[in-house]
Number of protein chains: 2
Amino acid sequence: MQNNQNIKVAVDAVVFGYHNNALYVLLVQQKYGVYKDQWVLPGGLVHNGETLTNAVHRELQEEAGININYLEQLYTFGDDVERDKRNHVISVSYFALVNPDNLKLSAATDAQDVKWQNINNIPKLPFDHNLIIDTAFKRIKAKLHYQPIGFDLLPKKFPFSDLEHLYATILEQEIDRRNFRKKILSFGFIKKCNEKQKNGSGRPAQLYTFDPNKYEALEKNGMHFEIKFA
Amino acid sequence: MQNNQNIKVAVDAVVFGYHNNALYVLLVQQKYGVYKDQWVLPGGLVHNGETLTNAVHRELQEEAGININYLEQLYTFGDDVERDKRNHVISVSYFALVNPDNLKLSAATDAQDVKWQNINNIPKLPFDHNLIIDTAFKRIKAKLHYQPIGFDLLPKKFPFSDLEHLYATILEQEIDRRNFRKKILSFGFIKKCNEKQKNGSGRPAQLYTFDPNKYEALEKNGMHFEIKFA
DNA sequence: CCAAAAGTGTTGTGAATACACCCATGT
DNA sequence: ACATGGGTGTATTCACAACACTTTTGG
């Protein structure tokens, strides 16, 4: 085995949060080094003997003190050898989902600052981080159609209209409320709670909750979650 | 930037070939080192300053002298820190498709031997290569439904029945010939050739060809390739 | 003329679409 | 009583599923 290889392995995460009817991405401000003061995706070099997944969790803790709800490997970026001007570094990128119960950002220890940036207003970022975000956004859009990940962006109990708006916002298309509701409920993994939510004005909304166990059971029995729009 | 990181980056490829109505995976026999004589996936360490994609192409040349038809990043395996007993090595894995015109394997320079192994008869392999193959097999099965990758496993001109058999074999399910043909032809990216193929017995088959340009054009116009079976 | 594989159409069924009015609450 | 958002049913349309006989060649 050749031993002079000198390539660094980093992990980066595109963390999505949904609030105020909009989708946001978590950015952190570099505290040290050549890229000091610049806003970038949370991430950093993997430690020796550390798994990739642990590295992501560690970085998210260190830089944003945030609890994530869902994590999935996105893509490994290593076809631009100069994506990091300091070294040959490849980035194993992940995307994560955060629900609103976990939105508040702790004072970061390893980052100067942390913020939620609207997905439709991402500035030009260093490295290939814009590309990574685009890739993640495409992935999440695609996944919404065939995997129930929308629930990881909502609180445990939510009114049906929130789910609707989430789909409409992220996919940037209008949705027929009646058909959407019928379809989602027909799967049988959404349960009605015993609570209603009052918004100030209008009829109070019935709260629903996603039942992951039921979902898995149904999936094993051949159910195929898929939702399309006209 | 911390500079004592000592993690190696490898690429590995699951190369699929389809012949004799069966799906095969390319394996190579290690020539040197601790794993000498063992059969493994083609792959190896990335060179300094080399892109990941180039590394895959280089390894496939060096170890199998093969021309591939399609290449896509699969997944990066790095959650088992001891997947390689020599070092902490992560594997950026790819899968590739080869059509029968390119099936013959050159005398490998960097491998002792090379062979096509039936996907249903893969032996226990070192590292996590069984896991990588399983992941690739799942991916290719899924992709057959929504991306026209089957054509990359067939010669340029093929009889319709070959496409049918390919789907039936890989997905391990029966297919209604009439419905399948209707569906595929309805997309409009398959062209009839001016040739027929004689098999010895039975009626000669009309040859067809996949038109990638037409496919892309249609896709831009909103066509969504998807094929399901009862 | 028999065997082997290729080619082809129609009908039924169920899911997706389109669409508009009533309900419960706060002000 | 009005404004606001929540909740619901039906008719039409279209795509998928099921299904069997004829055609062309070689032996």
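Letters go in sequence order (proteins before strands), and every chain restarts at 1. Bear in mind the structure is a predicted one, so any value in this text is a computation, not a measurement.
- Heavy-atom distances to DNA chain C give each of B:Gln206 and A:Ala230 a nearest nucleotide, and the one nearer the 5′ end belongs to B:Gln206.
- Contact between B:Leu207 and B:Pro159 at its shortest, heavy atoms only, is CD2-N, 3.5 Å.
- If you take CG of A:Leu185 and C1' of D:dG6, they are 14 Å apart, rounded to a whole angstrom.
- The environment of A:Lys141 atom NZ is dense: over 12 non-hydrogen atoms of other residues, nucleotides or ligands sit within 6.0 angstrom.
- The base of D:dA20 sits with one of its N or O atoms less than 3.5 Å from a complementary donor or acceptor on the side chain of B:Arg178.
- Toward the 5' end of DNA chain D, the nearer of the two residues A:Arg203 and B:Lys198, judged by each one's closest nucleotide, is A:Arg203.
- Atom NZ of B:Lys183 and atom P of D:dA15 are 10 Å apart (whole Å).
- When DNA chain C is scanned in the 5' to 3' direction for atoms under 4.0 Å from non-hydrogen atoms of chain B, the outermost contacting nucleotides are C:dA4 to C:dT10.
- Between B:Phe16 and B:Phe137, the ring planes lie tilted relative to each other; the angle falls in the 30° to 60° range.
- Counting to the nearest Å, the C1' atom of D:dA15 and the CZ atom of B:Arg181 are 20 Å from each other.
- Ring planes of A:His145 and A:Phe229: tilted class, angle from 30 to 60°.
- For A:Phe180 and D:dT8, the CZ to P distance is 15 Å, given to the nearest whole Å.
- For the residue pair B:Asp79 / A:Thr53, a side-chain donor-acceptor distance below 3.5 Å is found, with atom types taken as modelled.
- A 4.5 Å side-chain heavy-atom check between B:Asp12 and B:Val40 finds every atom pair outside the cut-off.
- For the pair A:Tyr208 OH and D:dG6 C1', the computed distance is 10 Å after rounding to whole Å.
- Of the residues near DNA chain D, A:His165 and B:Gly202, the one whose nearest nucleotide (by heavy atom distance) lies more toward the 5' end is A:His165.
- Side-chain contact annotation: A:Tyr70 with A:Gln147, donor-acceptor N/O pair under 3.5 Å present.
- Nearer the 5' end of DNA chain C, as judged by each residue's closest nucleotide, is the contact made by A:Lys182, out of A:Lys196 and A:Lys182.
- What separates CZ of A:Arg177 from P of D:dT10 is a distance of 18 Å, to the nearest Å.
- Following rounding to the nearest Å, B:Phe229 (CZ) and D:dA18 (P) show an atom-to-atom distance of 13 Å.
- Atom-to-atom, CD1 of B:Ile184 to C1' of D:dC16 comes out at 14 Å; the value is rounded to the nearest Å.
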